[in-house]
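Worksheet: the structure to be examined is printed underneath.
Letters A, B, ... mirror the listed sequences (proteins, then strands); counts begin at 1. Just so it is clear, the values below take in all heavy atoms, side chains as well, and ignore hydrogens, waters and symmetry mates. As the structure is a prediction and not an experimental result, all values here were calculated from the model.
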Amino acid sequence: MSDLLAHLNPPQLQAVTLPPVHALILAGAGSGKTRVLTTRIAWLISTSQVSPHGVLAVTFTNKAAKEMTARLAALIPVNTRGMWIGTFHGLCNRLLRAHHREANLPATFQILDSADQLGAIKRLLKNLNVDDEKFPPRELMNFINSHKEEGVRAAQAQAFDTWAQRRVELYAEYERQCQREGVVDFAELLLRCHELLLRNEPLRQHYQERFRHILVDEFQDTNRLQYAWLKLLAGGGAKFFAVGDDDQSIYAFRGADVGNMRDFEGEFAGPNVIRLEQNYRSHGNILAAANAIIKNNRGRLGKNLWTDAGEGEPIRVFEAYSDLDEARFVVEEVRELARDGVARNQIALLYRSNAQSRVLEHELFGRGVPYRVYGGLRFFERQEVKHALAYLRLIGNPEDDTAFLRVVNFPTRGIGARSLENLQATAHQLNSSLYNAAASLTGKAGTAVGAFIRLIETLRQETGGLRLPEMVEHVLEKSGILQHYRTEKEGQERLENLDELINAAATFIDDEGVVMAEEAGESGALVAFLTHASLESGEHQAGEGDEAVQLMTVHSAKGLEFDVVFITGLEQGLFPHENAVLEGHTGLEEERRLMYVAVTRARQRLYLAWAQTRMLHGQTRYAVPSSFLDEFPQELLLRLNRPAPVSTGSGRVYYAAAPEPEGGLRIGQSVHHAKFGLGVIVSAEGRGADARVQINFGAAGMKWLVLEYAKLDPA
DNA sequence: TGGGAGTGCTTTTTT
DNA sequence: AGCACTCCCA
């Protein structure tokens, strides 16, 4: 018990040992928020204020949930297996599985990941003969998801013109299609669960009485629906403990609403707001820089990080001639650091957008520095794995048209677009799934389709008594997937991944077997595994070895920390991103929070780099340094000497001379425009009447202006 | 059926 | 530039 609370600083201790009240913990970067959250749970349980059964702990990522579970198990002897610790989606799934009838879902309902969802929407548009120029699938998907995240069903959605009405109809059609197929997308998982609790009073009461303490991590990232869901569950007197940092809210673009924090303060926490401001991660200069940056945002809940670690090193700034030059510099520094004994996995190269990783990777590769890139394809998202899962899904639920279409002709078995069109027409007539339509046609229509149906039926029978791993293996072999990749040139890696899928199934049974047997029964193993695959798409695919430099976007760096951090591409239009600047004040503030997150990742040393020219979308852009660079206190900065431009043996120079625009202007010059105000010329193109210049007007954004018409005065 | 050419897009991303 | 996607031909 005293062990439990040892080494907590006073605010941490206060937060952990708060009596049963609602509370908001404003936890700055590196202030030990996960520690506070887990210790709070451990303290509540070990002081018998709540049973493990009465705790609901919610996170955003599976990784965070796992970490919390592991830490809790290390703190107190408790069986975390049966506890409700998980992600919003995972917990909603659990609730919906347990009460699928009340939620009007089949026991075997499957979860669509984003790619599946997009596919389902494309298919819907095709079936309804909708012009996808007028209704781009991606846009429709965003429309549907954002409505669901606001808790708005198609029936309640507003539409003021015929186009918007049509869009709402398509939303409704999509809902019908999912319902018919027994599939549920990510947003639906939450919305359906919320509706279930809202409408079903006995169930609601049951859970409201059960959960006495609700604890939420990364509260600043919740959307409206998630907050509503939490409030509903807390409605029976549970104590609501939210931990978050409004300054690290960087997911507004996907529906997160920082306003939830302010609302929560008003509706729940009241006076119980505790600030964790002591930072245990970074040296003083880094923290001072972070504080100075974030200070420029308005409407913050307010927080000032401090440390007793000492000032540490100055922040190094490097101005490169080009993106290549920047990469060269970064990699050279990395090599030097590694020589000086810094572990490579303690060095992070951060960038605003993924496209920027290419130059860095190229340079790292060229110099033989091991590196690891985060982001990209994950295990359960790989095509061969998705194919295999589609067979399994079809065995578990023949109504799943998404799965059907994915593998009906994979490996190719002579079922072309024509037979599929017929099949879809039949399915439409019968108002049934493609699978059932195909089954009813078997005999008269194409034998190929019939053979496919027989294949699935056979697989279902043959695998009926098998354990999950054997089942997967059997399906891989008999479906022809393995054979297909064995003959393919580039199939080796895919075969390995399919092997890995069998292992994943075995591991899954070992890890989850007990829980599953309780919740789903023996036959539920397949469904549970498929759910696992959708909900937890697997580790990011990344290079092996922990002695590798870490490359990632600033977004994916949230929650991580490194001894040395390089923030690259600090150019206006890139970071802050042009699109964000165009969104105005809100957009710029989110970019600033992103900058804050980036800076606070560093423990000992921070580099800031920018390049005068950069290849972007196949064109060289002439850049202006990021406005954020001016927001750093200049006395904290150490400007590194720029090495003379270097030309390689091949004669290639690492920086390019900017083409000068006409009219006595030059790149980098400040000009004044009657409407947009003060700006800096960023690039130029064309001659004579075509001559245009690109000008960065700061808040007014980036503009291309034709010299002949634009009235520009040197400023 | 599969590949090659042509077209268009391009911020961030978890579940 | 690079990638995903579509379309058309052998």
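- The separation between Asn223(A) atom CG and dT15(B) atom P is 14 Å, rounded to whole Å.
- Stacking between His555(A) and dT12(B) is absent: the ring centroid is not both under 5.5 Å from the six-membered base ring centre and under 30° in plane angle.
- For the pair Phe186(A) and dT14(B), the ring geometry does not qualify as stacking, because the centroid separation below 5.5 Å and plane angle under 30° are not jointly satisfied.
- No side-chain N or O of Gln110(A) forms a donor-acceptor pair with one of Asp400(A) less than 3.5 Å apart.
- Contact annotation for Ser534(A): no contact, since no heavy-atom pair falls under 4.0 Å across all strands.
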Could you go over nucleotides 1-4 of chain B and give all protein N or O partners under 3.5 Å, atom names and distances?
unit_1 : atom_1 : unit_2    : atom_2 : d
dT1(B) : OP1    : Asn409(A) : OD1    : 3.3
dT1(B) : OP1    : Asn409(A) : ND2    : 3.1
dT1(B) : OP1    : Gly414(A) : N      : 3.1
dT1(B) : OP2    : Asn409(A) : ND2    : 3.0

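- Distances shown here put a side-chain N or O of Asn62(A) below 4.0 Å from the OP1 or OP2 atom of dT15(B).
- Leu96(A) has its CG atom 14 Å from the C1' atom of dT15(B), to the nearest Å.
- Bracketed by its first and final contacts, the part of DNA chain C lying under 4.0 Å from non-hydrogen atoms of chain A reaches from dA1(C) to dC3(C) in 5' to 3' order.
- dT14(B) atom P lies 14 Å from atom CD of Glu149(A), rounded to whole Å.
- Residues Phe143(A) and His147(A) bring their aromatic ring centres within 6.0 Å.
- Across the P atoms, dA4(C) and dT13(B) are found 16 Å apart, a figure rounded to whole Å.
- Both Leu535(A) and Ala355(A) lie close to DNA chain B; mapped to their nearest nucleotides by heavy-atom distance, the more 5′-ward contact belongs to Ala355(A).
- As a whole-Å value, the separation of Leu225(A) CG from dT15(B) P is 17 Å.
- Taking the six-membered ring for Trp and the full ring otherwise, His577(A) and Phe253(A) have centroids separated by 6.0 Å or more.
- The side chain of Asn354(A) places an N or O atom within less than 4.0 Å of a non-bridging phosphate oxygen (OP1 or OP2) of dT12(B).
- Side-chain atoms of Tyr374(A) and Gln550(A) include a donor-acceptor pair closer than 3.5 Å.
- Residues Phe379(A) and Leu501(A) have side chains in contact (heavy-atom distance under 4.5 Å, counting atoms from C-beta outward).
- Minimum atom distance to the side chain of His89(A) is reached by dT15(B), of the listed dT11(B), dT13(B), dT15(B).
- For the pair Ser534(A) (side chain) and Ile111(A) (backbone), a donor-acceptor distance under 3.5 Å is present.
- The phosphate of dT13(B) (OP1 or OP2) has a side-chain N or O of Thr553(A) nearer than 4.0 angstrom.
- In this structure, Leu95(A) places its CG atom 19 Å from P of dT15(B), rounding to the nearest Å.
- The CZ-P distance, from Phe60(A) to dT12(B), rounds to 20 Å in whole Å.
- Among the atoms of the strands shown, none is found under 4.0 Å from any heavy atom of Phe88(A).
- Side-chain contact annotation: Asn497(A) with Tyr485(A), donor-acceptor N/O pair under 3.5 Å absent.
- Taking atom CD on Glu583(A) and atom C1' on dT12(B), their separation rounds to 11 Å, with Å as the unit.
- A side-chain N or O of Gln220(A) and one of Glu218(A) form a donor-acceptor pair less than 3.5 Å apart.
- Side-chain polar atoms of Thr108(A) and Asn397(A) form no donor-acceptor pair below 3.5 angstrom.
- Between Met552(A) atom CE and dT12(B) atom C1' the separation is 15 Å, expressed in whole Å.
- A donor-acceptor pair shorter than 3.5 Å can be found between the side chains of Asn145(A) and Gln117(A).
- Side-chain proximity of Ser353(A) to dT15(B), dT12(B), dT14(B): nearest is dT12(B).
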